[in-house]
There are 2 protein chains.
Amino acid sequence: MAVKTTRKIRDADATQARILAAAKKEFAKNGLGGARVDEIADRAKANKRMIYHYFGNKEDLFRIVLEEAYTDIRTAEQALELEHLPARDALEKLIRFTWEYYLKNPEFITLVNSENLHKARHLKKSGKIEILFKRFVGMVGALLDRGVEEGVFRPGIDPVQLNITIAAIGYYYLTNRFTGSLVFQRDLMAPEALEERLAFNIETIMRMVCVNP
Amino acid sequence: MAVKTTRKIRDADATQARILAAAKKEFAKNGLGGARVDEIADRAKANKRMIYHYFGNKEDLFRIVLEEAYTDIRTAEQALELEHLPARDALEKLIRFTWEYYLKNPEFITLVNSENLHKARHLKKSGKIEILFKRFVGMVGALLDRGVEEGVFRPGIDPVQLNITIAAIGYYYLTNRFTGSLVFQRDLMAPEALEERLAFNIETIMRMVCVNP
DNA sequence: CACACAACGCACTAACTAGTTACTTTCTTG
DNA sequence: CAAGAAAGTAACTAGTTAGTGCGTTGTGTG
């Protein structure tokens, strides 16, 4: 009986990518403290030794996963091209996008929570995050200005406060969906509940920003 | 040389209270997974054995700390006596209270985050939390109804959605204050920043709820 | 093809950690 | 005041975990 031993293909990039994907899952599921390096290696079908070879140590790996997560959401935001829409439509699109991104990428929320538990000490060492956000705040600032020119937005709204609020009303609902479903005795993740929440959020922001909501 | 050995005073209640206070701090600082039972014992100036004697195990201790935290905030809310104020003033008082409670009790936020990371599995075993919240949602529902009667609030607002939003706009800002201060390049915890945020939050809710904001 | 380097894997360690065992000290009550 | 119950302690165990030393295997290049 001729046994065909499957030849091991070596691919550093693919291994690193598998490790990063596995690390993202594990960190999101259990937080930095609860995550297990062995579990990441297993999930990635890689040897634990490779994690230390490519990424240094557990905390550095966490930092890189976090940087990737931030880069991903900001990249997706840039792709919205809000400049090409009337200000009102652009704002609604941004609210919908933020909600749907959190919904489809729940690990983003958990990673950010974990980083804040650690007082953002990994992100502090990063450096390349600030630029991403500067551009983003600028984008929302420009949108607000344009809306004022069009006569549909109230003047004087701080783009940072608005950004925070748009994120908050989606983020809080989703990150606390487990305790929330318990204490309010309704399934916050039921499709109708999600729709209802998005509508409520759009109305909240529109009433805050628009001249005639 | 006569050594006066300080007589050890025994007080089960006091020891339990010290353990609970220490556990709250440690769980809030490091999450359930990151918290160390030895550290809790040290902080409480108690022997680790006492923790297991009084509270069973680490997870049960976490559950009790969490129950206490929820009971504390709901008790403080009951004490607001919103019924005795005009609806508009009552709503503003509730927004201010929520913000200030989170600000003064940051461990509440971290405990809730940690519980949601674990899909609320400790609170599920509790049972006595639902009643607390039922009363709270009822209170806000009554306030909304009264505001409609007074002609100051819009009708048809869901008290649960409103509750969630009032919590969200404060909670998100504070739980993500570390990454937030980094990415927005401003100190979100500076006194002026906190005042500004509270004002923004009050305006957000008032515009959502009131007929003439 | 040979050789050097990069990718990969095994098995180990040193430190840590939740929980326990076996004991001493203090308090309470018949 | 004796004796048992309750409060408290120290040292230990069994299992876990981040990180590593060192050897093996595949691969691109001269």
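A salt bridge links R43(A) to E26(A): at least one charged side-chain nitrogen sits closer than 4.0 Å to a carboxylate oxygen. Residues D13(A) and R18(A) are not paired through a salt bridge, judged by the lack of any N-O separation under 4.0 Å between the basic side chain and the carboxylate.
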- Can N113(A) and L117(B) be said to form a side chain to side chain contact (heavy atoms under 4.5 Å, CB included), step by step? CA-CA 9 Å; N113(A) 277 346; L117(B) 184 63; over 6 Å; no
- When you look at K58(B) and I40(B), which way does the side chain to side chain contact (heavy atoms under 4.5 Å, CB included) test go after all the steps? CA-CA 10 Å; K58(B) 191 185 176 184; I40(B) 294 172; 5.9 Å; no
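Residues E81(A) and H84(A) have side chains that bring a donor and an acceptor to within less than 3.5 angstrom of each other. No side-chain donor from either of T175(A) and N116(B) sits under 3.5 Å from a side-chain acceptor of the other.
With hydrogens and angles disregarded, a donor-acceptor distance shorter than 3.5 Å links the side chain of N57(A) to the backbone of D60(A). The main-chain N or O of T110(B) is never found under 3.5 Å from a side-chain atom of S114(B) such that the two would form a donor-acceptor pair.
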Measure all distances between protein nitrogen or oxygen atoms and nitrogen or oxygen atoms of nucleotides 1-4 of chain C, and list the pairs falling under 3.5 Å.
none

Distances for protein N or O near nucleotides 15-19 of chain C N or O, under 3.5 Å:
| residue | atom | partner | partner atom | Å |
| --- | --- | --- | --- | --- |
| dT17(C) | OP1 | R36(B) | NE | 2.7 |
| dT17(C) | O5' | R36(B) | NE | 3.3 |
| dA18(C) | OP1 | A35(B) | O | 3.3 |
| dA18(C) | OP1 | R36(B) | NH1 | 3.2 |
| dA18(C) | OP1 | K58(B) | NZ | 3.3 |
| dA18(C) | OP2 | V37(B) | N | 3.2 |
| dA18(C) | N7 | K48(B) | NZ | 3.4 |
| dG19(C) | OP2 | Y52(B) | OH | 3.2 |
| dG19(C) | OP2 | K58(B) | N | 3.1 |
| dG19(C) | N7 | K48(B) | NZ | 2.8 |
| dG19(C) | O6 | K48(B) | NZ | 2.6 |

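Rounded to whole Å, the distance from CG on N47(A) to P on dC12(C) is 15 Å. Between the CZ atom of F55(A) and the C1' atom of dT20(D) there is a distance of 18 Å, given to the nearest Å. Taking atom CZ on R49(A) and atom P on dC12(C), their separation rounds to 16 Å, with Å as the unit. Remark: P of dG19(D) and CD of E39(A) are 17 Å apart, rounded to the nearest angstrom. K45(A) places its NZ atom 15 Å from the P atom of dC8(C), with the value rounded to the nearest Å.
Using the six-membered ring where Trp is involved, H118(B) and H122(B) have ring planes that are perpendicular, over 60° apart on the 30 and 60° scheme.
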- Query: Can you give one letter per nucleotide of nucleotides 2-7 of chain D, going 5' to 3': B for a protein heavy atom under 4.0 Å from the base, S for sugar-phosphate only, - for none?
  - Reply: ----BB
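Here Y172(A) and Y172(B) keep their ring centres 6.0 angstrom or further from each other.
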Distance-only criterion, 3.5 Å: show the donor-acceptor pairs between side-chain atoms of residues 123-145 of chain B and protein atoms not counting sequence neighbours.
| residue | atom | partner | partner atom | Å |
| --- | --- | --- | --- | --- |
| S126(B) | OG | E67(B) | OE2 | 2.7 |

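Of the residues in residues 115-124 of chain A, none lies under 4.0 Å from DNA chain C by heavy-atom distance.
Contact between T179(A) and A120(B) at its shortest, heavy atoms only, is N-CB, 3.8 Å.
Not counting sequence neighbours, the partners of Y102(A) by the ring-ring contact (aromatic ring centres under 6.0 Å, His included) test are Y171(A).
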